[in-house]
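Letters A, B, ... mirror the listed sequences (proteins, then strands); counts begin at 1.
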Protein chains: 2
Amino acid sequence: MEHDTGELGSRDKVLLAAMTMFGEDPGARLSVRAVASRAGVSTGSLRYHFPTQRELQDEVLTRIYDLVVTDERIHDSTVPARDRLVGCLRQVLTRVGVGTQARDGMRKVVEEFVAPEPTEELHAAYLAIEREVRRRLEYWLTVLTNEGALPDGDNTRRARFLITVVNGLGLERALPAEDSILQSETDTLYTAVDCVLGP
Amino acid sequence: MEHDTGELGSRDKVLLAAMTMFGEDPGARLSVRAVASRAGVSTGSLRYHFPTQRELQDEVLTRIYDLVVTDERIHDSTVPARDRLVGCLRQVLTRVGVGTQARDGMRKVVEEFVAPEPTEELHAAYLAIEREVRRRLEYWLTVLTNEGALPDGDNTRRARFLITVVNGLGLERALPAEDSILQSETDTLYTAVDCVLGP
DNA sequence: ACCTGAACACCGTTCAAGT
DNA sequence: ACCTGAACACCGTTCAAGT
């Protein structure tokens, strides 16, 4: 008959604590001790479920992005425009995934579109995907423009810029990284979005 | 009549030690204790001359890159700061190449660092490279900061952002693209640089 | 002015010991 | 199987004390 988090396993307690902390401050450090103590769990237990700090952060990333329902988000004007746009970009990154998924994804992209001699077909196939993503991004930017949150301007260009940033982040998810990846990804997303939204 | 480093002041001893260590392994950590002990100096003394670890690393960078003449570009103050920074980023992208070279390069990166299960060695190897690039970028930013072209701020964060953009552009060079890539790359570089330099 | 080294408040990871 | 918490080997920074 518990009404707190007592029924949760340690793993979930840790995850809940980490996500809460991330929610409170997306730039937070999420150190072992900070998260463990917030979760009411020992550092050893945290390590048992997440053998490395990076694994914890990856899991947090996945969960966070799963929660975000996106397209609604861009219309929710109670939230600052920059947060909404960052949320949308995060949604794009969700599909990239983390860990093995991110690495497999990048491997496939390279196998399919980079390694082979670029035929007409391949070219067209990739461009179709790329255009799809850009359209989506442009749509989000349009919403913000109509709302007055984003000055009139070349939204295609802006979208291309944001896509490049997301591509860079996606690649970095597949590559080895320091374990502060969660924090620096947030930094970069906000930097890019602020850049587009202007002063 | 000393023939060792005995005549050097502590500050120089520290600098010499740090630069030697950097020379031996550009991926080295250059921690307070490691450098101080190598220099035969107390941590307190090191701190006296370099109030912060960042200041030490910046000084090392400056000395190192002042030796390497390749970066004349960043020092040429007859050119606007943004153009110089974009030039430097282009220099990084030069190594990525275009066409077949870019595709081969990306394939190799993926083969080497993405596809295999990430061992400790691989991880360290990649991080060393990454850190090297970031240091270089930070150095460029420091030059602009000292010059007054760039407000004081977190240059590490700025460097990370620019690296992500360059990573994105590199990936896009390897992928199929519309033929306006040159133009959109320039757009993106300037957007990113302006974003960093501020209004 | 310059230098020392201990102390502080942190890291992430490991591990013997418990249940 | 899961969890504990101490211990380890590191960080960067501060500071009273010396010369």
What's the [atom1]-[atom2] distance between [X] and [N], to the nearest Å?
{"X": "B:Lys13", "N": "C:dT4", "atom1": "NZ", "atom2": "P", "answer": "8 Å"}
{"X": "A:Arg33", "N": "C:dT13", "atom1": "CZ", "atom2": "P", "answer": "10 Å"}
{"X": "B:Gln57", "N": "D:dC11", "atom1": "CD", "atom2": "P", "answer": "12 Å"}
{"X": "B:Phe50", "N": "C:dC3", "atom1": "CZ", "atom2": "P", "answer": "11 Å"}
{"X": "B:Glu55", "N": "D:dG12", "atom1": "CD", "atom2": "P", "answer": "14 Å"}
{"X": "B:Leu30", "N": "D:dG12", "atom1": "CG", "atom2": "P", "answer": "9 Å"}
{"X": "A:Leu46", "N": "C:dC11", "atom1": "CG", "atom2": "C1'", "answer": "14 Å"}
{"X": "A:Leu8", "N": "D:dC2", "atom1": "CG", "atom2": "C1'", "answer": "16 Å"}

C:dA9 - base-pair partner by Watson-Crick or wobble geometry, distances under 3.5 Å: none

Watson-Crick or G-U wobble partner of C:dC2, both distances under 3.5 Å: D:dG18

Selected nucleotide, minimal atom distance to A:Ser45 side chain, candidates C:dC11, C:dC3, D:dC3: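 The answer is D:dC3, which lies nearest to the side chain.
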
Candidates C:dC11, C:dC3, D:dT4 - which lies nearest the side chain of B:Tyr48: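 So the nucleotide nearest the side chain must be C:dC3.
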
With respect to the phosphate group of [N], does any side-chain polar atom (N or O) of [X] fall under 4.0 Å of OP1 or OP2?
{"X": "B:Ser42", "N": "C:dC3", "value": "no"}
{"X": "A:His49", "N": "D:dC3", "value": "yes"}
{"X": "A:Thr52", "N": "C:dT13", "value": "yes"}
{"X": "A:Ser10", "N": "D:dC2", "value": "no"}
{"X": "A:Ser31", "N": "C:dC11", "value": "yes"}

Heavy-atom pair of closest approach, residues A:Leu197 and A:Pro151: O-CD, 3.9 Å

Shortest non-hydrogen contact from B:Val114 toward A:Arg103: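 It is O-NE, 2.7 Å.
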
Over 12 non-hydrogen atoms of neighbours within 6.0 angstrom of CG in A:Asn146: yes

Cationic N near anionic O, under 4.0 Å, A:Arg107 to A:Glu112: no

Donor-acceptor pair, side chain of A:Arg157 and main chain of A:Arg160, under 3.5 angstrom: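 Flag not set: sc A:Arg157 to bb A:Arg160 has no pair under 3.5 Å.
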
Sugar-phosphate, base or nothing in reach of A:Thr43, heavy atoms under 4.0 Å: base

